[in-house]
Amino acid sequence: MREYKSVPRTIFNIFNIFVFVCVILLCILPVWHVVCASFSDAGWVLSQSGIIWRIKGFSLKGYELVFQNRDIVSGYLNTFFYVITATALGMVLTVMTAYATSRKDAIWGNAIMFFITFTMMFNGGMIAYYIIITKGLNMFDSRLALILPVCLSAYNLIIVRTAMKGIPESLIESAQLDGAGHVRVLVSIVLPLMKATLATVILYYVVAHWNSWFQASIFLRDRSKFPLQLILKEILITGNVTTTITGGTSAKASDYSGDLILYKQTVKYCTIVVSTLPIFIFYPFIQKYFESGVLIGAIKG
Amino acid sequence: MKTNKKFTGRAIKRDFKKNYVVYLMALPALIYFFLFAYLPMSGLVMAFQDYKPKLGMFKSPGVGFLHFQKFFNDPFFFRLLRNTLAISFWELVVAFPLTIIFALLLNELRSKVFKRTVQTISYMPYFISMVVVSGMIIDFCKSQGVLTQVVKLFTGNEQNILSIPGYWRTLYIGSGIWQGIGFGSIIYVAALSGIDEQLYEAAVIDGAGKWKQTLHVTLPGISTTILIMLILKIGNMMSVGYEKTILLYNAQIYETADIIASYVYRKGLLEFNYSYSCAVSLFNSVINFALLIAANHISKKVTETSLF
């Protein structure tokens, strides 16, 4: 063992633990502040400055307002739709392409891979992309713009491909001798052997699609198609109070006018919690896999 | 190319007969990258035109390098370049080494349970969306916000932090570290666990203390990983993430916050100067590409480590 006891060593260990306790606090405190404020009395939250440490005057009024907001509810449903379709489509494409380019006897494999990785180093930029997608491919204000152009990631493809290359060739060859075709080999031999990698890549896709807002902000105009993050942007960044409370139905805004100022802040905190919770619920299930997944991508990435 | 032999006519035919299913599987991805990556590259033609949406790319008149000249003479040219490079520079000098130090210190933790806890919690911020992080930053930076209160302790000034140009870079880099340090350290932690334990035992026998071990065993052990990450960082010097900038900046802090990408966004997608912003964007991409190639080349020469 490389462990040995000495006074400076002990001091270092204590210092090190202290550093990481601080790191944990720094990571948790902002989130803690938001969660506590979201459950607290709106008036009290407004009067506070600095960190909010605890819940005071427990209230669910903020959440009530959030779930009455039509935009948030439709944004939620839209996001679920975009995340599920784009991830499913993306995974099918990723796995198929990774398998095709990891076959050693196919002579065009490396050329195909170069065609794909080159796009990671050079791209047309934001404006050319925007014009081609809207004018060339006619996807302006279409839900497809949030699914098709973003469903496949070259980076995730490399992760899966590298993992596939690590699978012993003999396994695949013996299956082929038994008469299995490529699709059969992929589905029943290769994929079951790389569950950790697949879980990691699914997590990456889901998080990327869940958190994406820019694509929607440039391509979508119809509010009924907005994903949650774009609605969040209006509430948190643009600070549109009417939207915040009533979900865009301005006729009702007057009914709330008393609450508007009072609840503006609390509603912001509640929307943050409501929008981030699904990811935080999803993440621990996959966490045990994804360190190995990141490592695999790193070797070749 | 020594592999040219396998691309003879007969070999190609035989390969295609045998592997056509394989190529069929790759076909959708090829179409995908053609449509959504290569086709947009053709849109760069706009940078050399006076693009009119009504005329389209084929009929808009060409103007040569006019837009590039305009950009180089733009009063904001220097400011944009400076801001973009400054953010990259400080990320490289502060965030990059901090991530490595984070991994090294994490590696020294003796308690497995504590280490796991630190990892789980420090990865979390990475999964919070940029919109939410920006919303939290806005909240913490307004005049009664947490960060403003901290600044007030030192300067007595209670002004909204997001309206003071001098704080922007610290805020940008700092929030980036908060979000990315744990997740960024994974790759180094993995590299550290790959170092042969015998090397440490040999070092101890040679009388090396902990510090010497770090210097002569640990750091050389992860130097390849560090170098690859460094090449990637340098190759991306000009492509500072614009999402956070677009979400947080305002005219009061353009002086330090406006970067090339946010300028392209504003000129192109908000003010509809498609051709001009396309030229600015192309300038950016070309420099970026050149930096990546150069960094890769230098690293290959000096250390025999390279990306491609």
Side-chain angles (χ1 to χ4, degrees), chain A residues 2 9 13 16 19-20 23-24 26-28 30 34 49-51 93 96-97 99-101 103 106-108 112 115-116 119 121-132 135-137 149 152 181-182 207 211 213-214 218 229 232-233 236-237 268 272 275-276 279 283 287 291 294-295 298, chain B residues 6-7 11 15 19 21-23 25-26 28-30 32-33 35-37 39-41 43-44 46 53 105 108-110 118 120-122 124-125 127-132 134-136 138 144 146 149 178 186-187 190 200-201 204 210 243 247 264-265 268-269 274 277-278 281-282 285 289 292:
Chain A
R2 59 190 222 241
R9 183 77 192 135
N13 279 339
N16 203 12
V19 167
F20 282 108
V23 167
I24 290 183
L26 277 174
C27 287
I28 288 183
V34 170
S49 66
I51 283 265
L93 285 177
M96 275 181 6
T97 319
Y99 178 80
T101 52
R103 296 288 80 234
I107 59 177
W108 295 102
I112 294 172
F115 182 79
I116 293 171
T119 63
M121 294 185 275
F122 189 82
N123 59 63
M126 193 190 291
I127 306 301
Y129 181 73
Y130 174 80
I131 296 289
I132 293 290
K135 298 276 185 315
L137 301 172
L152 181 54
H182 285 295
V207 171
N211 287 342
W213 65 277
F214 188 74
I218 62 175
Q229 296 294 330
L232 275 183
K233 184 193 166 238
L236 298 176
I237 314 287
K268 282 188 181 182
I272 290 181
S275 67
T276 313
I279 291 290
Y283 155 84
Q287 197 224 349
E291 276 166 17
V294 174
L295 179 62
Chain B
K6 61 184 191 185
F7 288 103
D15 171 67
N19 288 319
V21 181
V22 169
Y23 295 127
M25 286 168 111
L30 291 177
Y32 173 93
F33 284 103
L35 283 182
F36 303 124
L39 207 57
M41 284 184 211
L44 287 170
M46 284 189 301
L105 290 179
E108 295 301 326
L109 284 180
R110 285 288 150 259
V118 171
T120 306
I121 291 173
S122 65
M124 286 287 212
F127 296 102
I128 302 177
S129 80
M130 197 54 95
V131 172
V132 168
S134 301
M136 283 161 70
I138 288 176
Q144 316 100 346
V146 185
Q149 295 301 316
W178 180 76
I186 295 179
I187 178 169
Y200 287 107
E201 283 161 20
V204 171
K210 198 72 217 172
E243 290 196 3
L247 288 170
V264 168
Y265 170 75
L269 297 181
Y274 293 126
S277 55
C278 192
S281 161
L282 176 58
S285 297
F289 187 62
L292 185 65

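Every chain is numbered from 1, with letters handed out A, B, ... down the list of sequences.
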Options A:T101, A:I116, A:V23, ranked by heavy-atom pairs under 4.5 Å with chain B, top entry: A:I116
Mind checking side chain to side chain contact (heavy atoms under 4.5 Å, CB included) for B:I138 and listing every partner two or more places apart, or none if nothing turns up? A:I237, B:L162, B:L248
Nearest heavy-atom contact between A:Y283 and B:T120 is OH-O, 3.1 Å
Top contributor to chain B contacts, counting heavy-atom pairs under 4.5 Å, from A:Y129, A:Y130, A:F122: A:F122
Contact leader toward chain A among B:S285, B:P125, B:G135, where contacts are heavy-atom pairs under 4.5 Å: B:S285
Go through the atoms of B:L44 and report whether side chain, backbone, both or neither lie under 4.5 Å from a heavy atom of chain A. both
Quick one: what part of B:M124 sits under 4.5 Å from any heavy atom of chain A, side chain, backbone, both or neither? both
If you tally heavy-atom pairs under 4.5 Å against chain A, which of B:L109, B:I128, B:L30, B:L105 wins? B:L105
Checking B:Y265 against chain A: side chain, backbone, both or neither under 4.5 Å from a heavy atom? both
Please flag which part of B:Q149 lies under 4.5 Å from any non-hydrogen atom of chain A: side chain, backbone, both or neither. side chain
What residue, out of B:L35, B:L39, B:V21, has the most heavy-atom pairs lying under 4.5 Å from chain A? B:L39
Between B:Y32 and chain A, which part of the residue has a heavy atom less than 4.5 Å away: side chain, backbone, both or neither? side chain
Heavy-atom proximity to chain A below 4.5 Å, by part of B:S281: side chain
Among A:R103, A:K233, A:M126, residue most engaged with chain B (heavy-atom pairs, under 4.5 Å): A:M126
In terms of heavy-atom pairs under 4.5 Å with chain B, the winner among A:L236, A:I127, A:I112 is A:I127
A:I279, A:V19, A:V207: which one forms the most heavy-atom pairs within less than 4.5 Å of chain B? A:V207
